[in-house]
Amino acid sequence: KQEVTQIPAALSVPEGENLVLNCSFTDSAIYNLQWFRQDPGKGLTSLLLIQSSQREQTSGRLNASLDKSSGRSTLYIAASQPGDSATYLCSNQGGKLIFGQGTELSVKP
Amino acid sequence: GAVVSQHPSRVICKSGTSVKIECRSLDFQATTMFWYRQFPKQSLMLMATSNEGSKATYEQGVEKDKFLINHASLTLSTLTVTSAHPEDSSFYICSARGQNNSPLHFGNGTRLTVT
C-alpha cells in the first residue's frame with residue numbers, strides 16, 4: 001500500500017529564507033508527482049507537476065525535484081514571503097491520488 | 001488555467017436530510033473526478049473515483065449507499081450525502097483531471113455541518 005510521508009510537519013521561518021520541503025513514498029512506482037498548496041478552509045492549488053519521465057520542474061521561486069529511485073521529492077522555495085504561508089501537500093498520481101499529511105509553513109515578516 | 005467550481009462552499013443541514021454537492025470543470029473536459037474528505041489538521045482522504053459514464057469506485061470503508069456519486073457528463077460530478085449525521089460534518093473537496101498525464105485541479109471545497 002502506497003504511503004506518503006512529508007517532513008517537516010510544520011515549519012516557521014523568517015521572511016527571505018530559502019527552504020526545502022520533503023516528500024517520500026513507500027512504493028517507488030511513482031507516476032506523476034504533483035505539489036499543491038492549501039490555504040485554510042480552501043481547496044488545493046496546483047503548484048508544480050513533474051511527469052514520471054522528468055526530474056524537476058520550476059515555476060518562479062519554486063523548484064520541485066523527483067528522484068524515483070529513492071521515492072523522494074523535494075520542493076524548494078527561494079526567498080520565502082509571508083504570502084507563502086500555507087499547507088503544502090505532495091501527491092503521487094497513480095490510478096488514484098495519495099496525499100501526504102502536508103507541511104504547514106509559516107513565513108514571518 | 002483550468003478551473004474547477006465546487007458548490008456550495010458551505011452548507012448546514014439537519015440530521016436525516018440529504019445534501020448534494022456539485023463539482024464542475026469550467027474550461028476542460030474531466031474524464032476523471034475524485035472526491036475527498038478532509039478533517040481538521042489532516043490530509044485529504046480519497047473517498048471515491050468517478051469516470052464519466054460509469055459507476056464510481058469507492059475506497060475501502062466508504063459507504064457507497066451513503067455517499068452517492070454521479071458523473072453524468074464530462075463537466076459535472078455530484079456527491080450526495082444521504083441521511084446525514086453529525087459525524088458526516090467535514091470538508092469535502094472534489095478534483096478533476098482531463099487526460100491521464102494532465103495536472104489535477106481542485107475545487108475550493110464544501111464545508112458541511114450537520115446539526
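Numbers restart at 1 for each chain; the letters A, B, ... are given by sequence-line order, proteins then strands.
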In the single-linkage hydrophobic clustering (I, L, V, M, F, W, Y; side-chain heavy atoms under 4.5 Å), do Val11(B) and Ile69(B) co-cluster? yes
Rounded distance [0.5 Å steps], CG in Leu44(B) versus OG in Ser91(A): 9.5 Å
Distance in Å, Gln38(B) CD paired with Thr87(A) OG1, rounded so as to fall on 0.5 Å steps: 8.0 Å
Toward chain B, the part of Gln6(A) with a non-hydrogen atom under 4.5 Å: neither
Salt bridge (Lys or Arg N to Asp or Glu O under 4.0 Å) involving Arg37(A) - partner list, sequence neighbours excluded: Asp39(A)
Does Leu26(B) CG have over 12 foreign heavy atoms under 6.0 Å away? yes
Is it the case that one hydrophobic cluster holds both Leu11(A) and Trp35(A), taking links as side-chain heavy atoms less than 4.5 Å apart, direct or via other members? yes
Is Leu44(A) close to chain B through its backbone or its side chain, or both, or neither, when contacts mean heavy atoms under 4.5 Å? both
For Arg55(A), I'd like to know if atom CZ has over 12 heavy atoms of other residues, nucleotides or ligands within 6.0 Å. no
Chain A contact residues among residues 76-94 of chain B, heavy-atom distance under 4.5 Å: Phe91(B), Ile93(B)
Within 6.0 angstrom of Arg111(B) CZ, more than 12 heavy atoms from elsewhere: yes
Are Leu112(B) and Phe106(B) linked, directly or through intermediate hydrophobic residues, by side-chain heavy-atom contacts shorter than 4.5 Å (ILVMFWY only)? no
hydrophobic_cluster_shared for Tyr36(B) and Ile21(B), side chain cutoff 4.5 Å: no
Per-residue contacts, residues 13-20 of chain A versus chain B, heavy atoms under 4.5 Å: none
When rounded to the nearest 0.5 angstrom, what is the spacing between NE2 in His105(B) and OG1 in Thr45(A)? 11.0 Å
Between Gln6(B) and chain A, with a heavy-atom cut-off of 4.5 Å, which part of the residue counts as in contact: side chain, backbone, both or neither? neither
Sequence neighbours left out, cut at 3.5 Å: what donor-acceptor pairs do the side chains of residues 99-109 of chain A make with other protein atoms?
from: Gln101(A); atom 1: OE1; to: Ser43(B); atom 2: N; distance (Å): 3.3
from: Thr103(A); atom 1: OG1; to: Pro8(A); atom 2: O; distance (Å): 2.5
from: Ser106(A); atom 1: OG; to: Lys108(A); atom 2: NZ; distance (Å): 3.3

Transitively linked via ILVMFWY side-chain contacts under 4.5 Å: Phe34(B) with Met47(B)? no
